[in-house]
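Everything below concerns the one structure shown next.
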Amino acid sequence: MFAKPVPGRMTAAAEGDVVVLLIGMRINHFRGVHHWLPVLAAMPRMLRELGRYKDRGLLGHVLLTGSPRTYYVVQYWESKEKLYAYAAAPDMFHRRAWAIINRKEKKSRQHVGLWHETYVVPEGGYESIYADMPPFGLGAATGVLPIASRGRRAADRLAHRSSGKKKKTAATTLGRPAEGAGE
């Protein structure tokens, strides 16, 4: 069940600001499995939870590894407010997982490292190109459009401004399931 390449040159269909969260962990000591494995297992659980509750604001994500020790996720969110709300929601797993990690922090600190970076990128501060490949990253999170719709040059795509209204069209959902699909 691999994604099929979209022929041609495409760009992300994102409109407005883009909120990007990079979040990850580093295994400092492989032998401390009981310290780092629960941390490693928590992220897929949170991503599944967010997949069930689309209204929480996660648009898409990419799981990556930087080395045998470093694992991280690039997440694309509807807004920083929805990101903050998920992080603080008492009914969601993130808050419970963070409480457990904080209780164990003194013992686990030398075994596993945690980090995150959050970016709110204003419209005009991002551009993308995907050539003959499945939607990826921001394109997978927001859908893709033919590159000509936003400009063939990076400078043209960076100069693009949305109309202010987020429209759902066939073009903006290319590479993403249509709303209600699979329900």
Side-chain angles (χ1 to χ4, degrees), residues 3 11-130 133-144 157-158 162 166 175-177:
T11 189
E15 298 281 347
D17 294 351
V18 171
V19 179
V20 182
L21 173 67
L22 308 177
I23 186 165
M25 61 168 280
R26 182 182 189 278
I27 300 169
N28 293 331
H29 298 285
F30 283 110
R31 290 184 179 164
V33 175
H34 61 286
H35 292 288
W36 58 260
L37 188 58
V39 176
L40 184 66
M43 184 53 71
R45 183 172 172 185
M46 285 183 259
L47 293 171
R48 282 191 306 274
E49 176 180 68
L50 284 161
R52 284 191 307 273
Y53 299 100
K54 303 275 188 212
D55 61 326
R56 293 290 180 160
L58 181 68
L59 297 173
H61 68 276
V62 180
L63 295 163
L64 300 166
T65 180
S67 72
R69 292 182 180 272
T70 308
Y71 301 89
Y72 62 105
V73 184
V74 180
Q75 297 179 358
Y76 302 94
W77 286 80
E78 285 181 31
S79 67
K80 65 182 179 189
E81 291 78 17
K82 287 197 172 189
L83 171 61
Y84 298 155
Y86 174 72
D91 60 326
M92 296 282 107
F93 181 65
H94 175 270
R95 188 145 169 208
R96 189 170 50 235
W98 195 239
I100 292 166
I101 288 168
N102 281 333
R103 276 197 307 273
K104 295 181 176 182
E105 185 178 19
K106 288 182 182 178
K107 291 180 183 177
S108 297
R109 190 173 302 148
Q110 66 264 15
H111 298 287
V112 61
L114 301 171
W115 62 276
H116 84 256
E117 299 173 0
T118 306
Y119 303 95
V120 179
V121 186
E123 187 170 48
Y126 57 88
E127 67 88 24
S128 61
I129 185 169
Y130 312 99
M133 66 176 289
F136 183 81
L138 184 60
T142 63
V144 294
R157 292 187 300 278
L158 284 167
S162 62
K166 290 188 179 185
R176 290 191 66 191

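Predicted model, so just to flag it, every value in this text is computed and none were measured.
- The two residues Gln75 and Leu47 come nearest to each other via the heavy atoms NE2-CD2, 3.6 Å.
- In this structure, the separation between NE2 on His61 and CH2 on Trp77 is 11.0 Å, given to the nearest 0.5 Å.
- For the pair Trp36/Asn28, no side-chain contact is recorded, criterion being any heavy-atom separation below 4.5 Å from C-beta on.
- Atom CG of Leu63 sits about 11.5 Å away from atom OH of Tyr71, to the nearest 0.5 Å.
- The distance from atom CG of Leu21 to atom NE2 of His116, rounded to the nearest 0.5 Å, is 6.0 Å.
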Practice item. Determine, step by step, whether Tyr76 and Val19 satisfy the side chain to side chain contact (heavy atoms under 4.5 Å, CB included) criterion, reporting the C-alpha distance in whole Å, the side-chain angles of both residues, the deciding distance to 0.1 Å, and the verdict. Key: CA-CA 6 Å; Tyr76 302 94; Val19 179; over 6 Å; no

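- In this structure the side chain of Leu138 reaches within 4.5 angstrom of the side chain of Tyr130, judged on heavy atoms.
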Exercise for review: Give the C-alpha distance, both sets of side-chain angles, the deciding distance and a yes or no for side chain to side chain contact (heavy atoms under 4.5 Å, CB included) between Leu22 and Tyr119.
Suggested key: CA-CA 8 Å; Leu22 308 177; Tyr119 303 95; 3.8 Å; yes

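- Taking the six-membered ring for Trp and thresholds of 30 and 60 degrees, Tyr72 and Trp115 have ring planes inclined between 30 and 60 degrees apart.
- Taking all atoms of both residues into account, the shortest heavy-atom contact from Arg95 to Pro90 is NH1-CB, 3.6 Å.
- Taking all atoms of both residues into account, the shortest heavy-atom contact from Asp17 to Pro122 is OD1-CA, 3.3 Å.
- For the residue pair Gly125 and Leu158, the shortest heavy atom distance occurs at C-CD2, 3.9 Å.
- Summarising the geometry of Thr11 relative to Arg157, their closest heavy-atom pair is OG1-CD, 3.6 Å, with the distance given to 0.1 Å.
- Using cut-offs of 30° and 60° for the angle between ring planes, the His111 and His29 rings count as perpendicular.
- To the nearest 0.5 Å, atom CG of residue Leu50 and atom NZ of residue Lys82 are 11.5 Å apart.
- You'll find the side chain of Tyr53 stays beyond 4.5 Å of the side chain of Leu58, heavy atoms only.
- Here CG of Leu64 is found 11.5 Å from OG1 of Thr70. Values are rounded to the nearest 0.5 Å.
- Here NE2 of His94 is found 10.5 Å from CD of Glu49. Values are rounded to the nearest 0.5 Å.
- In terms of heavy-atom proximity, Ala97 sits nearest to Met46 at CB-CE, 4.4 Å.
- Counting non-hydrogen atoms of other residues, nucleotides and ligands closer than 6.0 Å to CZ of Phe136 gives a total of 12 or fewer.
- Within the 4.5 Å cutoff, the side chain of Leu40 has heavy atoms near those of the Met25 side chain.
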